[in-house]
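In what follows, chains carry the letters A, B, and so on, assigned in the order in which the sequence lines appear, proteins first and then strands, with residues in each chain numbered from 1. Small disclaimer: the values here were computed from a predicted structure and weren't measured.
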Amino acid sequence: MPAFTLPDGSVRHFDHAPSGAELAAAIGPGLARAALAVVVDGETRDLSRPLEHDAAIRFITRRDEEALTLIRHDAAHVLAEAVQALYPETQVTIGPAIENGFYYDFARPEPFTPEDFPAIEAKMRDIIAANAPFVREVWEREAAITFFAARGEHYKAEIIRDLPAGETITLYRQGEWVDLCRGPHMRTTGDVGDAFKLMKVAGAYWRGDHRNAMLSRIYGTAWRDRKELDAYLTQIEEAERRDHRRLGREMDLFHIQEEAVGSVFWHPKGWALYRRVEAYMRRRLDANGYQEVRTPQLVDRALWEASGHWEKFREHMFIATVEEEEKTLALKPMNCPCHVQIFRQGVRSYRELPLRMAEFGACHRYEPSGALHGIMRVRAFTQDDAHIFCAEDQIAAETVRFVELLGQIYRDFGFPDFRVKFSDRPLIRAGSDAVWDRAEQALSEACATAGVTYTLNPGEGAFYGPKLEFVLRDAIGRDWQCGTLQVDFVLPERLDADYVGEDGARHRPVMLHRAILGSFERFLGILIEHHAGRFPLWLAPVQAVVATIVSDADSYAEAVAARLREAGLAVECDTRNEKINAKVRTHSLAHVPVLLVVGRKEAESGTVALRRLGGAAQEVLALDEAVARLAREATPPDLLPAWQR
RNA sequence: GCCGACGUAGCUCAGUGGUAGAGCAACUGAUUCGUAAUCAGUAGGUCGUCAGUUCAAUCCUGACCGUCGGCACCA
């Protein structure tokens with residue numbers, strides 16, 4: 001007779017196999033009303049299924065975060081039923097819960113449009129109001145295939161055909177409607193509630209493969225209650241306000257135009273920001289034993305053939321030819337083969353290792369048109385790239401050193417938290433399995449030494465080696481993969497790099513490909529969105545504006561601005577014939593961190609009224625003190641004396 | 001690259017089969033003002049490009065380019 005252990009440690013005994021719902025009722029009527037699903041030894045199940053064996057039990061109610069997944073999954077089913085009710089010619093495929101919501105992929109000659117949403121949502125509300133129970137049925141494979149094929153649901157039939165032998169095939173009914181699904185589901189369609197909204201339509205390939213048919217996907221969001229839904233919609237609006245493309249235009253940082261698709265025109269203010277980041281990175285690298293180099297943009301295809309990139313990435317390379325010569329050159333899509341060329345000049349000694357070769361390398365890649373996105377995904381970009389040539393037994397120490405540097409840099413840019421993913425061997429790869437074994441092992445040992453905990457990202461490594469990926473989290477909770485550290489035993493072999501060891505013999509170095517920001521373009525996009533354009537003083541393109549109240553203060557304002565410029569600050573002077581209210585508004589909207597207001601009083605007393613972005617308070621300071629204070633505040637974090645960090 | 005939507009002044013957006021408007025920005029003038037929009041005036045557009053339909057196209061049709069949202073891709 002089964003016994004169930006509850007979260008409080010108490011045990012309930014039954015003389016039969018009760019359903020989850022029965023068990024909940026036995027515990028209490030409140031729980032019986034609230035329970036949506038039951039977790040049996042860690043596995044979430046429908047309340048209707050009998051519990052045959054002894055198990056640890058807990059219930060999921062609407063108060064649990066886990067309810068979200070159930071609600072979203074059920075919402076996907078309700079969406080599918082609604083769509084088939086309204087558009088009977090539509091085939092259903094799959095519809096999972098995802099972060100923040102759910103989607104369902106439909107096969108239909110005519111794709112859906114957002115104009116269809118009101119009708120579909122109304123139908124969904126009807127289905128939810130009908131409160132039909134979800135009923136689980138176990139089917140025999142052939143019967144299930146015949147059933148779906150007969151209904152013209154060929155995708156469902158294909159899914160069943162491809163299920164591994166021995167897999168239990170379950171269908172769920174909700175009223176008249178039925179779908180193949182492994183579950184679990186809540187009790188009834190009514191449990192979905194009313195906190196959902198259809199968001200957008202999109203094309204999506206069947207089974208995520210671009211060789212397959214394009215399906216019509218409908219995305220929705222669903223939450224436990226209206227309040228959560230509204231909070232989510234507000235968060236989306238917030239993200240739109242932060243959009244780097246919008247801020248880039250509003251703050252006059254950069255633009256992109258048709259004649260140079262995927263390349264950035266940096267305006268003076270955007271370039272100021274770029275240069276601050278670059279200068280900071282250069283100082284950090286200098287201080288960490290890197291040697292900066294610069295390598296050619298145009299490189300003969302022979303080198304790319306030797307490196308293996310020509311074979312794998314040719315379609316993504318910009319090719320250049322001249323009429324005079326037969327040569328085919330490619331704009332470099334990456335820097336590593338060029339760095340190996342520098343390494344190969346002369347004879348290298350083990351004494352030079354680890355050799356850390358850095359380049360702010362400008363690269364070009366012909367990215368698919370649909371991948372382009374503002375300055376985040378472009379065709380011309382600059383990596384904060386470096387390659388560490390080292391011996392195999394130096395991988396661990398170099399990894400530790402790199403992770404420390406990376407953490408420091410992320411903190412300085414305002415990203416205190418990051419996580420690490422470990423990507424191991426992909427299906428298509430260079431190098432023997434023995435080499436991959438060694439590379440993966442070296443990297444995982446290095447992680448252990450560096451105290452890095454990671455999540456595994458199977459099969460996502462580069463074709464030449466495994467990699468660590470560093471993912472930071474921004475101010476509104478979005479994850480961005482920026483840094484990377486890749487172990488490469490292959491390229492030194494292919495490009496014949498070697499060094500003379502202690503034993504006098506030639507050895508292959510290992511290459512560690514590594515980047516911290518990834519690309520400047522993308523990282524600046526992330527920075528813009530993370531700070532919502534309100535940069536910390538050391539990064540702000542315009543750090544301060546001196547604004548006059550009356551034109552009598554113009555010459556004093558210019559003098560104030562000059563003093564600040566001498567102290568190294570980027571300052572503008574606003575002597576326009578405008579009221580101070582208008583000036584405050586203009587510069588606040590432009591996200592200028594510091595406003596120095598000067599009128600007759602300040603001009604006479606040699607002071608400034610200092611106002612911070614976002615605050616209404618003003619502080620009247622002697623000019624000298626204001627300059628000293630702002631100069632200190634605008635100091636990049638790596639240049640602050642130790643006691644101030 | 002694939003599916004869909006979109007493209008009107010610098011920006012945000014109206015609008016119509018008879019060659020276009022608003023607000024903000026810009027410019028000019030007045031105003032000299034104490035912390036988120038002073039007032040008045042002026043100027044600004046081959047309505048993404050190219051074809052087609054039509055007496056007539058910014059509007060209808062098609063192709064292309066670009067942008068946006070996804071998918072696929074991301075050395």
Side-chain angles (χ1 to χ4, degrees), chain A residues 103 105 110-115 199-219 243 245-246 249-250 252 255-259 261-262 304 307-317 332-337 363 365-374 377-379 381 383 426 428-430 460-465 467 481 484 486 488 490-491 513 518-519 522 547-554 575-590 595-602 609-618 620:
Chain A
Y103 67 78
D105 284 347
E110 280 287 294
F112 293 100
T113 75
E115 282 90 76
M199 301 297 285
K200 54 197 173 194
V201 293
Y205 298 108
W206 167 235
R207 295 198 153 163
D209 189 326
H210 64 94
R211 291 165 301 195
N212 289 342
M214 179 65 70
L215 305 173
S216 184
R217 175 175 296 180
I218 297 179
Y219 280 96
D243 192 305
R245 293 165 298 195
R246 173 180 177 150
R249 186 176 56 242
E250 287 174 356
D252 195 18
H255 84 273
I256 294 177
Q257 67 185 47
E258 228 176 289
E259 289 78 2
V261 172
W304 307 112
S307 70
H309 293 102
W310 188 262
E311 191 193 353
K312 196 166 190 307
F313 293 110
R314 187 177 38 213
E315 322 79 76
H316 300 287
M317 289 163 75
K332 70 174 170 185
M334 45 162 30
N335 308 298
C336 23
C363 297
R365 295 179 185 174
Y366 185 75
E367 302 287 3
S369 57
L372 302 175
H373 177 85
R377 188 82 185 270
V378 285
R379 289 177 175 160
F381 55 94
Q383 296 175 317
I428 299 166
R429 57 180 181 261
E460 294 295 318
F463 78 92
Y464 49 73
K467 59 184 177 185
Q481 185 179 306
T484 181
Q486 311 176 3
D488 184 358
V490 173
L491 200 61
H513 306 244
S519 94
R522 187 170 119 96
T548 51
I549 292 171
V550 292
S551 50
D552 286 353
D554 285 2
T575 54
R576 288 177 305 156
N577 181 7
E578 285 290 349
K579 289 183 162 185
I580 193 61
N581 289 292
K583 295 186 183 184
V584 166
R585 180 178 153 83
T586 304
H587 303 299
S588 297
L589 290 174
L595 196 58
L596 300 149
V597 178
V598 296
R600 277 199 196 90
K601 277 189 295 189
E602 287 76 12
L610 193 150
R611 180 199 166 105
R612 306 277 178 170
L613 176 59
Q618 327 152 31
V620 179

Undergrad: Can you tell me the pairing partner of B:A57 across any strand shown, Watson-Crick or G-U wobble, with both distances under 3.5 angstrom?
TA: none
Undergrad: Would you kindly give the CG-to-P distance between A:Leu215 and B:G69, to the nearest whole Å?
TA: 22 Å
Undergrad: Verify, without hydrogens or angle tests, whether A:Arg217 (side chain) and A:Asp105 (backbone) share a donor-acceptor contact under 3.5 angstrom.
TA: no
Undergrad: How close or far is atom P of B:G69 from atom CE of A:Met199, stated in whole angstroms?
TA: 13 Å
Undergrad: What is the distance, to the nearest angstrom, from the NZ atom on A:Lys312 to the P atom on B:C73?
TA: 11 Å
Undergrad: Give A:Glu250 one of three labels, base, sugar-phosphate or nothing, depending on what nucleic acid heavy atoms sit under 4.0 Å from its own.
TA: nothing
Undergrad: Checking contacts here: which listed nucleotide (B:A75, B:U32, B:C2) is nearest the side-chain heavy atoms of A:Phe313?
TA: B:A75
Undergrad: Do A:His587 and A:Leu613 make a side-chain contact, defined as non-hydrogen atoms from C-beta onward lying under 4.5 Å apart?
TA: no
Undergrad: Work out how far the C1' atom of B:A22 is from that of B:G18, and round it to whole angstrom.
TA: 23 Å
Undergrad: If you look at every strand shown and take non-hydrogen atoms under 4.0 Å, does A:His587 touch a base, only sugar-phosphate, or nothing?
TA: nothing
Undergrad: Students often get this wrong, so: under 4.0 angstrom with heavy atoms, is A:Phe112 touching a base, only sugar-phosphate, or nothing?
TA: nothing
Undergrad: Pick base, sugar-phosphate or nothing for A:Gly465, based on heavy-atom distances below 4.0 Å to the nucleic acid.
TA: nothing
Undergrad: Out of B:C33, B:A75, B:C11, which nucleotide sits closest to the side chain of A:Lys579?
TA: B:C33
Undergrad: Heavy atoms only, 4.0 Å cut-off, all strands: where does A:Leu589 land among base, sugar-phosphate and nothing?
TA: base
Undergrad: Across the strands shown, which category fits A:Ala547 at heavy-atom distances under 4.0 angstrom: base, sugar-phosphate, nothing?
TA: nothing
Undergrad: 5'-most contact on RNA chain B: A:Gly370 or A:Val584, nearest heavy atom basis?
TA: A:Gly370
Undergrad: Indicate, with a heavy-atom threshold strictly under 4.0 Å, whether A:Arg600 touches base, sugar-phosphate, or nothing.
TA: base
Undergrad: How is A:Tyr103 classified with respect to the nucleic acid when contacts are heavy atoms under 4.0 Å: base, sugar-phosphate, or nothing?
TA: nothing
Undergrad: Quantified in whole Å, what is the C1' atom distance between nucleotide B:C6 and nucleotide B:C64?
TA: 16 Å
Undergrad: What integer number of Å spans the P atoms of B:G66 and B:U49?
TA: 15 Å
Undergrad: Could you check which nucleotide pairs with B:G62 in any of the strands shown, counting Watson-Crick or G-U wobble with both distances under 3.5 Å?
TA: B:C50
Undergrad: Using a cut-off of 4.0 Å on non-hydrogen atoms, how would the nucleic acid contact of A:Lys601 be classed: base, sugar-phosphate, or nothing?
TA: base
Undergrad: Pick base, sugar-phosphate or nothing for A:Gly308, based on heavy-atom distances below 4.0 Å to the nucleic acid.
TA: nothing
Undergrad: Between atom CE in A:Met214 and atom P in B:C71, what is the gap in whole Å?
TA: 11 Å
Undergrad: Scan A:Lys467 against the nucleic acid and name what it touches under 4.0 Å (heavy atoms): base, sugar-phosphate only, or nothing.
TA: sugar-phosphate
Undergrad: Just how far, in rounded Å, is C1' of B:A72 from NE2 of A:His316?
TA: 11 Å
Undergrad: If you check the A:Ala204 side chain, which of B:A72, B:C71, B:G69 turns out closest?
TA: B:C71
Undergrad: Under a 3.5 Å cut-off for both contacts, is B:U16 paired Watson-Crick or G-U wobble with anything, and if yes, with which nucleotide?
TA: none
Undergrad: Got a donor-acceptor pair under 3.5 Å from the side chain of A:Arg365 to the base of B:C73?
TA: no
Undergrad: Please confirm whether the backbone N or O of A:Phe112 pairs with a side-chain atom of A:Ser216, one donor and one acceptor, at under 3.5 Å?
TA: yes
Undergrad: Give the nucleotide from the list B:U38, B:A75, B:G69 with an atom nearest to the side chain of A:Ala462.
TA: B:A75
Undergrad: Measure from the side chain of A:Arg377, starting at C-beta and using heavy atoms only, and say which of B:C73, B:C11, B:A75 lies closest.
TA: B:C73
Undergrad: Which nucleotide, B:G1, B:A37, B:A72, lies nearest any side-chain atom of A:His210?
TA: B:A72
Undergrad: Now, which nucleotide makes the Watson-Crick or G-U wobble pair with B:C68, with each of the two distances under 3.5 Å?
TA: B:G4
Undergrad: Output the single nucleotide from B:G66, B:A75, B:G34 whose closest atom is nearest the side chain of A:Val261.
TA: B:G66
Undergrad: Is B:A36 paired to anything, Watson-Crick or G-U wobble with both distances less than 3.5 Å, and if yes, which nucleotide?
TA: none
Undergrad: Should the pair A:Trp304 and A:His309 be assigned to parallel (<30°), tilted (30 to 60°) or perpendicular (>60°) ring geometry?
TA: perpendicular
Undergrad: Assign A:Ile549 to base, sugar-phosphate, or nothing according to its heavy-atom contacts below 4.0 angstrom with the strands shown.
TA: base
Undergrad: If you check every side-chain atom of A:Val201, which of B:G4, B:G69, B:A37 has the closest atom?
TA: B:G4
Undergrad: Under a 3.5 Å limit for both distances, which nucleotide forms a Watson-Crick or G-U wobble pair with B:G10, could you say?
TA: B:C24
Undergrad: Whether the side chain of A:Tyr205 and the base of B:G70 hold a donor-acceptor pair under 3.5 Å is what I'd like checked.
TA: no
Undergrad: Taking the minimum atom-to-atom distance to the side chain of A:Arg611, which one of B:G34, B:C68, B:A36 wins?
TA: B:A36
Undergrad: For the pair A:Arg207 and A:Asp209, find out whether any cationic side-chain nitrogen is under 4.0 Å from an anionic carboxylate oxygen.
TA: no
Undergrad: Base, sugar-phosphate alone, or nothing: which one does A:Glu259 contact when heavy atoms must sit under 4.0 Å apart?
TA: nothing
Undergrad: Could you say whether A:Glu258 or A:Arg379 is positioned toward the 5' end of RNA chain B, judged by the nucleotide with the nearest heavy atom to each?
TA: A:Arg379
Undergrad: Determine the contact category for A:Pro333: base if any of its heavy atoms lies under 4.0 Å from a base atom, sugar-phosphate if only primed atoms, P, OP1 or OP2 are that close, otherwise nothing.
TA: base
Undergrad: Just compare B:C2, B:G69, B:A36 and give me whichever is closest to any side-chain atom of A:Ala202.
TA: B:G69
Undergrad: Counting C-beta onward and ignoring hydrogens, is there a side-chain heavy-atom pair between A:Glu115 and A:Thr113 closer than 4.5 Å?
TA: yes
